[in-house]
Amino acid sequence: MADYIGSIDQGTTSTRFMIFDHGGNEVARHQLEHEQVMPKAGWVEHDPTEIWERTTSVIQTALRRAKLEASDLAALGITNQRETTVVWNRKTGRPYYNAIVWQDTRTDRIASALERDGHGDTIRHKAGLPPATYFAGGKIKWILENVDGVREAAEAGDAIFGTTDSWVLWNLTGGPRGGVHVTDVTNASRTMLMDLETLDWDDELLAIFDIPRQMLPEIKPSSSPEPYGHTLENGPFGGEVPITGILGDQQAATVGQVCFEPGEAKNTYGTGNFMLLNTGTEIVRSKAGLLTTPAYKFGDEPCVYALEGSIAVTGSAVQWLRDQLGIISGAAQSESLAKQVEDNGGVYFVPAFSGLFAPYWRSDARGAIVGLSRYNTNAHLARATLESICYQSRDVAEAMAKDSGVELEVLKVDGGVTANELCMQIQSDVLGVPVSRPVVAETTALGAAYAAGLAVGFWANTDELRENWNESKRWEPSWDETRREEGYAMWKKAVTRTLDWVDVD
Ligand code: ADP
């Protein structure tokens, strides 16, 4: 068998291609950003054609630099920004509209109408999701209703939908000449159109959204011994590689962090934060404001589910300090500035820039900085920003404990913000549990590689993957219980000050 596994990570801000060896070590990578198109306040789009071009370049450059070719890869996995919606013509390969990104809030009226018309409970029960702008169903509906000719083309079977995993895979397998139109359970589950129990598109949900079934991809396992398709001689790989793994990015990170047992959780700190707790083959329906979602489905084995706490703004609050306030010149400086003070000086910052996601799901919230006095400085604000990342994660951790009855013993972390040592120390202090970061920080790309490699026997089983996981650093709690609980009580009070701020009807 070939020595390596390839992994495409089609993310929100960039696309990367990585190659891993049997030990889960990185052998090569290349990464390119794509444009964030923001035509109006609250609208966020990507150009799907640019994403496909970036994907082909990162593959070609990484292979060339590593002096590897298609025959060196035993399989290929794909992971992707979830929910971001592409609708394209299967005969021409041309998108009908830019991809509507997960952060885009243009479908707020569609989402509130779902609740008003009494569909909220059906969607929560069947799909495991609260009606929200975040998910793909409303975005597909918006394109069907607002872009000329799409509904007719969809009825005729010419206009097809996919998240960016499907878009990339369809193009890799031939595009208009035989492209394979599939997705996996984790991506399909983020549309509000898939039934968590049957793992298939649901007619009642399709009817609520008025979406023709024929435009949707076929739903496959996340790791598939029977390849979804193969890359082509005349494509970016210059040869045939079986494509055998697909996972949405947060589920991929869960696999990359080897959270294979019920009760194991990971928290990824990027633009936003996403904590996933493995709940095994049981579907746990949240009462505390979390999402219920497939974590992965490997081949014929039963689907493994997770509870998920999605937080919209964490690392992007640090970007806001840099780009909008200009009080730091780079993200890393948030650490040195915050270190100038011992504590937050009474300041709490709730970065509810686009409302609050889990566990609150309040689109009427907006950001607030509270507790200011004449004494406070930029350093307190920097510290309050790092604390906001940690307190939001505590909100989600509390919800997980409520829903699952499982108390966290250690939190496995990854993502860009985990480079911030102070932030990770505060996280441990705020939660009162150790925080642990692995050696391989690219858990998302690694998880997709694992899914692809398991399918072809490159890795025999998940025990072998566990052996690849090594800790690089651990932070232990240093606050006493009084400080922890007083701080958290003040945070909760600060959150109440952000609610009911804008009128969403
Ligand atoms: P994504 O995959 O969502 O693009 P990444 O995992 O690449 O995110 O992380 C990028 C985020 O991490 C940015 O929002 C940035 O502000 C934040 N970040 C990066 N380095 C640091 C740091 N040292 N301290 C705090 N935040 C950081």
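Model, not experiment: these values are computed from the prediction. Just so it is clear, the values below take in all heavy atoms, side chains as well, and ignore hydrogens, waters and symmetry mates. Both ligands and their constituent atoms are indexed starting at 1 by order of listing.
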Under-4.0 Å heavy-atom contact between protein and atom 7 (O) of ligand 1: no
Do Arg394 and Tyr488 meet the cation-pi criteria used here (NZ or CZ under 6.0 Å from the six-membered ring centre, within 45° of the axis)? yes
Who's closest to atom 18 (N) of ligand 1 heavy-atom-wise, of Ser14, Ala331, Ala338, Gly315? Ala331
Should Glu335 be listed as contacting ligand 1, given a heavy-atom distance under 4.0 Å as the test? no
Glu308/Arg82 salt bridge by N-O under 4.0 Å criterion: yes
Say whether Gly11 and ligand 1 are in contact under the criterion: heavy-atom distance to a ligand atom below 4.0 Å. no
Atoms of ligand 1 close to Thr13 [distance to a heavy atom under 4.0 angstrom, numbered from 1]: 4 (O)
Below 4.0 angstrom, N of the basic side chain to O of the carboxylate: do Glu342 and Arg383 qualify? no
With a 3.5 Å cut-off and no angle check, do the side chains of Glu35 and His46 form a donor-acceptor pair? no
Just one of Thr55, Asn80, Thr15, Asp249 clears the side chain to side chain donor-acceptor pair (under 3.5 Å) bar with Gln10, so which one? Thr15
Taking atom types as modelled, find out whether Thr268 and Asp414 have a side-chain donor-acceptor pair closer than 3.5 angstrom. yes
May I ask you to check if ligand 1 and Gly416 share an N or O to N or O distance below 3.5 Å? yes
Would you check the N or O atoms of Arg16, main chain and side chain alike, for any that come under 3.5 Å of an N or O of ligand 1? no
Between Arg483 and Glu486, is there a salt bridge with N-O shorter than 4.0 Å? no
Please check atom 2 (O) of ligand 1 for a protein heavy-atom neighbour under 4.0 Å. no
Looking only at protein heavy atoms, which one is nearest to atom 24 (N) of ligand 1, and what is the separation? Asn420 ND2, 3.0 Å
Nearest neighbour in protein (non-hydrogen) for atom 17 (C) of ligand 1: Val417 CG2, 3.7 Å
If you count the atoms of ligand 1 from 1 in the order shown, which ones are under 4.0 Å from a heavy atom of Gly415? 6 (O)
Short N-O contact, Arg16 and Asp9, less than 4.0 angstrom: yes
Near Ser334 (heavy-atom distance under 4.0 Å), the atoms of ligand 1 are 24 (N), 25 (C)
To which protein heavy atom is atom 23 (N) of ligand 1 closest, and what is the distance rounded to 0.1 Å? Ala332 CA, 3.4 Å
Is the Lys NZ or Arg CZ of Lys412 less than 6.0 Å from the centre of Trp469's six-membered ring, within 45° of the axis? yes
Have a look at ligand 1 and work out which part of Thr271, if any, has a heavy atom under 4.0 Å from it: side chain, backbone, both or neither. both
